[in-house]
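Report on the structure given below.
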Amino acid sequence: MTFVVTENCIQCKYTDCVEVCPVDCFYEGPNFLVIHPDECIDCALCEPECPAEAIFSEDELPDGQEQFIEINAELAEVWPNIAEKKDPLPDAEEWDGKSGKLEKLER
């Protein structure tokens, strides 16, 4: 089992989760983070650290977020690894909690 970054991370990209990950399984895109499913050790440290509440256990995904299992797996193979906390995107607070952000995902 793995943890999955879901839609609410899009356009926010808080990296508090990255800082606590003991295995550096986060990968960074232009406006989104993903977790590599083969590297995640299911420690659950990242989930409570996400200010946007965008990280869920694979078996506890909210309805409508299931496609993010595949999105995380796909993008973790092509995006660079991130192991240190960075500033969130400048307008992260404005985007936090908005729905329908999948179309904003920059690959």
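Side chain of Lys13 to backbone of Gly29: a donor-acceptor contact under 3.5 angstrom is found. Between the side chain of Thr15 and the main chain of Lys86, a donor-acceptor pair closer than 3.5 Å is present. Side-chain atoms of Asn31 come within 3.5 Å of backbone N or O of Glu106 as a donor-acceptor pair. The closest donor-acceptor contact from the side chain of Glu28 to the backbone of Pro80 lies at 3.5 Å or more, if one exists at all. At distances below 3.5 Å, not a single donor-acceptor pair connects side-chain atoms of Thr6 with backbone N or O atoms of Ile55.
Scanning for side chain to side chain contact (heavy atoms under 4.5 Å, CB included) contacts around Asp16 gives Tyr14, Glu49, Pro51, Lys85, with sequence neighbours left out. Looking at residues two or more places apart in sequence or on another chain, you find a side chain to side chain contact (heavy atoms under 4.5 Å, CB included) between Asp63 and Glu66.
Contact annotation: the side chain of Glu77 approaches that of His36 to within less than 4.5 Å [non-hydrogen atoms, C-beta and beyond]. Pro22 has its side chain within reach of Leu45: a pair of non-hydrogen atoms, C-beta onward, lies under 4.5 Å apart. Under the 4.5 Å side-chain criterion, counting only non-hydrogen atoms from C-beta, Phe3 is in contact with Glu47.
A distance of 6.5 Å separates CD of Glu7 from OG of Ser99, quoted to the nearest 0.5 Å. In this structure, CG in Asn8 is found 5.0 Å from CG in Asp96, a value given to the nearest 0.5 Å. Note that CD of Gln65 is 14.0 Å distant from CD of Glu60, once rounded to the nearest 0.5 Å. From Asn81, atom CG reaches atom SG of Cys25 across 8.5 Å, with rounding to the nearest 0.5 Å.
With respect to Leu33, the side chain to side chain contact (heavy atoms under 4.5 Å, CB included) criterion is satisfied by exactly one of Cys50, Cys17, Cys12, Cys46: Cys17.
Between Phe32 and Trp79, the angle of the ring planes goes over 60°, which puts this pair in the perpendicular group of the 30/60° scheme.
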- Derivation and outcome, side-chain contact (heavy atoms from CB on, under 4.5 Å), residues Met1 and Asp59: CA-CA 8 Å; Met1 179 149 38; Asp59 64 348; 3.3 Å; yes
- Message: Could you go through Glu19 and Phe26, starting from their C-alpha distance and side-chain angles, then the distance that decides it, and tell me whether this counts as side-chain contact (heavy atoms from CB on, under 4.5 Å)?
- Response: CA-CA 10 Å; Glu19 194 169 55; Phe26 281 88; over 6 Å; no
- Query: Could you walk me through whether Val4 and Phe56 pass the side-chain contact (heavy atoms from CB on, under 4.5 Å) check?
  - Reply: CA-CA 5 Å; Val4 179; Phe56 296 89; 5.6 Å; no
Got a list of side-chain donor-acceptor pairs under 3.5 Å for residues 68-75, not counting sequence neighbours?
| unit_1 | atom_1 | unit_2 | atom_2 | d |
| --- | --- | --- | --- | --- |
| Asn72 | OD1 | Val5 | N | 3.1 |
| Asn72 | OD1 | Ile35 | N | 2.9 |
| Asn72 | ND2 | Val5 | O | 2.8 |
| Asn72 | ND2 | Phe68 | O | 2.8 |
| Glu74 | OE1 | Arg107 | NH1 | 3.3 |
| Glu74 | OE2 | Arg107 | NH1 | 2.7 |

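Under a hydrophobic clustering in which Ile, Leu, Val, Met, Phe, Trp and Tyr are joined whenever their side-chain heavy atoms come within less than 4.5 Å, directly or via other members, Ile10 and Leu89 fall into different clusters. By the criterion of side-chain heavy atoms lying less than 4.5 angstrom apart, applied directly or through intervening Ile, Leu, Val, Met, Phe, Trp or Tyr residues, Leu102 is grouped together with Leu61 in one hydrophobic cluster.
The environment of CD in Glu53 is sparse: at most 12 heavy-atom neighbours from other residues, nucleotides or ligands sit within 6.0 Å.
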